[in-house]
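Below you'll find the structure, written out as structure tokens, and then a few comments.
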Amino acid sequence: MKRSTVNILASYIDSLHPIIYINHFDFKVIDDTIAQIAVNTKCIEFNNALGAVDFKTKSPMYECDLEHFLRLVMDDGFEHETFLVLKDVHGELNNPKIIALLKRIAENNLYNDNYEATILIVSEIVVIPRELENYITVFDIPLPAISEIHSLIRTFTNDLGISVDEDVINDIAISFKGLNEFQIRQILNLAYQDGGCIDKDDKQLILKEKEQFIKKSGMLEIVNFTETIDDIGGLENLKEWLERKAKIFANLDKAIRFGVDVPKGIMIIGMPGCGKSLTAKATASLFEIPLVRLDVGRLLGKYVGESEGNMRKALRLAEAISPCVLWIDEIEKAFAGIGGEGSGNDVTTRLFGQFLTWMQEKENTVFIVATANDISRLPPEFLRKGRFDELFFVDLPNGEERRKIIDIHLKKRNKWNKSIDSIALIKETKGFNGADLEAVIKDTIERTFIEGKTTITTEDLMKSVKDTKSISSTLKDEISQIKDTVSKIDIKPASIPEKTL
Ligand code: ADP
């Protein structure tokens, strides 16, 4: 474990943090860290599976439950400087007796000069009972920085006696960002076994394995996509804004040194099926950074405080992977029920507050793209200036935009030809969204194929248009609700008005 981590943990203990929650999965790593700090300190360990165990040898000492254990050892702090190391006890942290015992130890630690016991809870799942919020400090082992990743790779290759170019190390080190030491070593091993060396080609393997780790953590999802900004028909204002920000991301280091603020993110609100998700993907492709999706529903845990712990982990992971685009799809659903009655809503309200604070304070290179259809139920503070760089409204495509969308989808399938009468199509597709237009094209191509034709005509397209029920007819009420809500807020149109095009 890095020296700095040991120092930070030691300083927490010295500055009277009575309960330190160490959020980590690898108990061996944590034991080593604690052992380095506990030179003159008695360590007493409780393991949820075995009861009291000897901290040094790990052999079971006596079987007991956590309550018993705490009662037995709580007064040790009057005799020696003591660490009470509790492993995997997150499931017990909803038990009022356990909470009361932990609180008593914590209060002794803080207010009794003759008492010197610190509780170290070690678990991969963070559960913080409300009653202990003021006593618990969560200690996250920081993920390795680029320079540390460099030295990890160098140590690994030196140990094996293989030489690797500095260029290669620089190149692959960036791909390891967001992973912990253990995971980095595991992937390096895999790469070495694969080809007997470490070279540039291993980057793909690293990215694939990294994706697996991030997937397994269940907090964030890496989204693979092929869409680019050219796949979006219309939304010229929004695209131009993104293209400007892309210049900052392309030279992030330089821009920051020049004094440019790192872009925080955008909120895209508007009609369903009009290119909001498409824009999230195109942003990542334009900025040339990975796209990761935050699914708030997935963060909800069954223990008290677990959801907040998960949110913290997810945001930390996003920071570690950064620069990246963090996409929150249908944000109004993710944070539905905020401020309402009931314990579920309580959790959502807290998660929302946590997310807002993070956004407000964030000084990292995570670019947020939040998308939403209807924001009438979102609290107004979310849209306040300073959180997002800009809010954009995506309306149903105007005529010129519909023409562009039709062209894009025909060209994508190699079926565009000069004879297609776009004016006629524009007239007949009023009220269609991008997804409707895409469906028209797919439908036409399928039909013409079945009919044995080789090219597509305006009439073929018209037939599909007539057979398609547009969003404006199927979701009439939702659409007027969205229009009504956005008319009340300060928001930029994503499109340029038709006549000025
Ligand atoms: P939403 O706004 O609900 O997120 P999506 O971006 O997922 O909608 O759009 C669904 C599909 O419709 C896209 O994958 C794309 O094929 C098509 N589409 C929607 N809007 C556009 C657009 N402006 N340009 C090109 N295709 C579009």
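For ligands, and for the atoms within them, numbers begin at 1 and follow the listed sequence.
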On a heavy-atom basis, I'd like to know which of Asp231, Ile408, Leu235, Val394 is closest to atom 25 (C) of ligand 1. Asp231
Mark up the atoms of ligand 1 that fall under 4.0 Å of a heavy atom belonging to Ile232, in ascending order. 23 (N), 24 (N)
Does one side chain, of Thr457 or Asp460, offer a donor that lies under 3.5 Å from an acceptor on the other? yes
Taking heavy atoms and a distance under 4.0 Å, where does Lys404 meet ligand 1: side chain, backbone, both or neither? neither
Check: Thr371/Asp329 side-chain N/O donor and acceptor closer than 3.5 Å: yes
If we count only N and O atoms by modelled type, under 3.5 Å, do the side chains of Asp421 and Thr458 hold a donor and an acceptor together? no
the protein heavy atom lying closest to atom 8 (O) of ligand 1 turns out to be Gly273 CA, 3.3 Å
Answer yes or no: does atom CG of Asp490 have more than 12 heavy-atom neighbours from other residues, nucleotides or ligands under 6.0 Å? no
Can you figure out which of Leu278, Ile471, Asn433 has its heavy atom closest to atom 27 (C) of ligand 1? Leu278
Ignoring hydrogens, just give me the one of Glu438, His409, Arg402, Lys442 whose non-hydrogen atom is nearest atom 11 (C) of ligand 1. Glu438
Find all atoms of ligand 1 within a distance of less than 4.0 Å from any non-hydrogen atom belonging to Pro272, and give their numbers and elements. 3 (O)
Check ion pair Arg316-Glu319 (N to O, under 4.0 angstrom): no
Greater than 12 external heavy atoms within 6.0 Å of Glu288's CD: no
Candidate with minimal heavy-atom separation from atom 23 (N) of ligand 1, of Gly275, Gly233, Gly434: Gly233
